Asks: 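There's a structure below that I have some questions on.
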Amino acid sequence: MDFFKYIHAVGTGVKGNRDLTFEESKDMMEQILKRSAHNEQIAAFLLGWRLKPETTEEFRGAVEACDGFIRKTTVENSLELGYPFDGKENNPYMFPLVAKLLKDSELNIVVIGDDLTPAKKGITLKNIATNIELSSNIHYFDRADFFKEMHELTNLRMRLGLRSGLNTIEKLPRVANSEYAMTGVFHKPYVKKYVETFSDRYKRFALLQGNEGTPELFSKGRLWIVKGAEVEEIIIETERYGINYTKSWDAITLDESLEQINNPSSEFLKLAKLNAAISLFVCDKVKSIDEGFEKLNG
């Protein structure tokens, strides 16, 4: 279909806008990835799509289109963690510590990195993964290697400077064919969209109301576990586990983030153990988060 018809569908206002079908959304995404549409058209569509806003049927069509471009490498017994590509501004990443704590469980952690995308200007997962020694059970995939078509949209997205539907669909590419996945969710209304878009792609799928939209819990939050048609919501209170970590509200540097990972405080290490326990629970290796936390504390 002529790409202009997709722009018209999302860019003519409340009365004229319409949702794309699954097949239309798949075709739209394929045209964007192939760059058969002009940059100006792609930017116009992404802005209009965001304002319309996007539907889960459109997200599913776009995700299926992406599957046709991604070069996959299977990692057995793995949990895919979906991080936003706009980085973290105020607190360190925790996944390197969590992975170390999970080595004895033989659980592999899959993470994906790339250059910075809008809307925050945080420290990216790639900044961390390429500047620290990762434990052997972390499998880091650089998007420039396995999904160059999405990577090559980065400059266009940075010039647009705003979030778009791509921020949602890109977090879980299933590059390692993982059976389990967990991603962060900031706004509760997005829980339903993530569940409807991604849950049937995994044996067990989870959403965590984590720090700065990541699948990392730093304070009281919610975990949603999806298995089949059931969605279970669990409230997690860090104080219950004797954790009194104080989140930062000020920007930190890459060096500061790396320092806290390499030389964690006792409270940050306890927080990492709780997050590792959540991972064990998501992957059905323990019956509860409490059991996982007790196991990790010997």
Side-chain angles (χ1 to χ4, degrees), residues 10 25 28-35 37-54 58-59 61-63 65-67 69-71 80-95 110-131 140-176 181-187 190 193-194 197-198 207-208 210-216 251-254 257:
V10 302
S25 187
M28 168 276 294
M29 196 69 236
E30 288 174 347
Q31 290 195 47
I32 287 177
L33 293 172
K34 292 176 181 177
R35 306 301 282 273
H38 296 293
N39 284 351
E40 295 86 350
Q41 291 179 306
I42 295 172
F45 175 82
L46 292 176
L47 180 58
W49 196 28
R50 179 71 174 175
L51 295 175
K52 182 177 65 73
E54 312 97 337
E58 290 169 340
F59 280 150
V63 167
C66 291
D67 284 340
F69 293 82
I70 295 169
R71 293 191 297 110
E80 181 181 15
L81 295 178
Y83 284 80
F85 289 86
D86 58 358
K88 294 185 74 173
E89 292 181 306
N90 302 327
N91 289 278
Y93 282 85
M94 200 187 300
F95 72 89
V110 171
V111 291
I112 298 97
D114 201 347
D115 298 334
L116 184 70
T117 61
K120 297 203 307 285
K121 296 181 179 179
I123 298 164
T124 66
L125 188 144
K126 181 175 181 176
N127 292 147
I128 300 298
T130 56
N131 283 284
Y140 168 70
F141 290 84
D142 194 304
R143 191 161 60 181
D145 299 325
F146 74 86
F147 192 10
K148 66 180 180 63
E149 292 83 3
M150 184 67 85
H151 166 75
E152 289 171 354
L153 288 168
T154 302
N155 288 339
L156 183 155
R157 294 171 67 183
M158 290 299 288
R159 287 194 293 272
L160 181 60
L162 300 171
R163 289 180 58 85
S164 71
L166 300 183
N167 290 66
T168 299
I169 66 169
E170 68 185 351
K171 291 165 68 175
L172 292 168
R174 206 163 185 265
V175 62
M182 178 166 62
T183 190
V185 60
F186 190 76
H187 300 294
Y190 265 78
K193 287 190 175 183
Y194 277 114
T197 301
F198 292 106
L207 292 161
L208 185 66
N211 178 247
E212 298 189 53
T214 69
E216 297 183 347
I252 63 172
T253 66
L254 174 59
S257 185

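Keep in mind it's a predicted model, so treat the numbers as computed, not measured.
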Asks: Is it true that the NZ or CZ of R143 lies under 6.0 Å from the centre of F85's six-membered ring and within 45 degrees of the ring axis?
Replies: yes
Asks: Once rounded to the nearest 0.5 Å, what's the spacing between atom CD1 of I42 and atom CG of L47?
Replies: 14.0 Å
Asks: What's the spacing between S164 OG and L156 CG if we round to 0.5 Å?
Replies: 9.5 Å
Asks: In Å and rounded to the nearest 0.5 Å, what is the CG to CG distance from L160 to N155?
Replies: 12.5 Å
Asks: If you look at every heavy atom in D86 and R163, which pair is closest and at what distance?
Replies: OD2-NH1, 4.1 Å
Asks: Take a 6.0 Å sphere around OH of Y190 and say whether it holds more than 12 heavy atoms from other residues, nucleotides or ligands.
Replies: yes
Asks: Considering non-hydrogen atoms only, spot the tightest contact between N39 and R35 and give its length.
Replies: OD1-NH2, 2.8 Å
Asks: Measure across S257 and I252 and return the closest heavy-atom pair with its distance rounded to 0.1 Å.
Replies: CB-CD1, 3.9 Å
Asks: Can you tell me how far apart OG1 (T117) and CE (M150) are? Round to the nearest 0.5 Å.
Replies: 10.0 Å
Asks: Rounded to the nearest 0.5 Å, how far does CZ of F45 lie from CD of Q31?
Replies: 10.5 Å
Asks: Just wondering, do V110 and L81 contact through their side chains at under 4.5 Å, heavy atoms?
Replies: no
Asks: Distance-only, no hydrogens or angles: does the E152 side chain make a donor-acceptor pair with backbone N or O of E149 under 3.5 Å?
Replies: no
Asks: Quick check: does any side chain N or O of E216 sit under 3.5 Å from a backbone N or O of F95, one acting as donor and the other as acceptor?
Replies: yes
Asks: Is it the case that K88 and Y83 place a side-chain donor and acceptor less than 3.5 Å from each other?
Replies: no
Asks: Passes side chain to side chain contact (heavy atoms under 4.5 Å, CB included), F147 versus C66? Steps please.
Replies: CA-CA 8 Å; F147 192 10; C66 291; 3.8 Å; yes
Asks: Which pair of heavy atoms, one from K171 and one from T183, lies closest together, and at what distance?
Replies: CE-OG1, 3.0 Å
Asks: Check whether E89 reaches the backbone of K120 with its side chain - one donor and one acceptor, N or O, closer than 3.5 Å.
Replies: no
Asks: Can you tell me if E54 uses its side chain to pair, donor with acceptor, with the backbone of G165 under 3.5 Å?
Replies: yes
Asks: Using the rule given for side chain to side chain contact (heavy atoms under 4.5 Å, CB included), can you reason through L166 versus R157, listing the C-alpha separation, both sets of side-chain angles and the distance that settles it, and then say yes or no?
Replies: CA-CA 9 Å; L166 300 183; R157 294 171 67 183; 3.8 Å; yes
Asks: If you look at every heavy atom in T214 and P84, which pair is closest and at what distance?
Replies: CG2-CD, 3.9 Å
Asks: Side chain to side chain contact (heavy atoms under 4.5 Å, CB included) between K148 and F69: does it pass, once the steps are laid out?
Replies: CA-CA 8 Å; K148 66 180 180 63; F69 293 82; over 6 Å; no
Asks: Is there a donor-acceptor contact under 3.5 Å from the side chain of N131 to the main chain of I128?
Replies: no
Asks: Keeping S25 on the side-chain end and E58 on the backbone end, is there a donor-acceptor pair under 3.5 Å?
Replies: yes
Asks: For H151 and D115, what are the C-alpha separation, side-chain angles and deciding distance, and is it a side chain to side chain contact (heavy atoms under 4.5 Å, CB included)?
Replies: CA-CA 8 Å; H151 166 75; D115 298 334; 3.4 Å; yes
Asks: Please confirm whether the backbone N or O of I112 pairs with a side-chain atom of D142, one donor and one acceptor, at under 3.5 Å?
Replies: no
Asks: Please check this pair: side chain of T197 against backbone of Y194, looking for a donor-acceptor N/O pair closer than 3.5 Å.
Replies: no
Asks: Could you measure the distance from the CG atom of L116 to the NZ atom of K121? Nearest 0.5 Å is fine.
Replies: 9.0 Å
Asks: Is there a side-chain contact between N91 and E212, using heavy atoms and a 4.5 Å cut-off?
Replies: yes
Asks: Looking at every heavy atom in both D114 and K126, which two are closest together, and how far apart are they?
Replies: O-CB, 3.6 Å
Asks: Considering only heavy atoms from C-beta outward, does the side chain of I70 approach that of P173 to under 4.5 Å?
Replies: yes
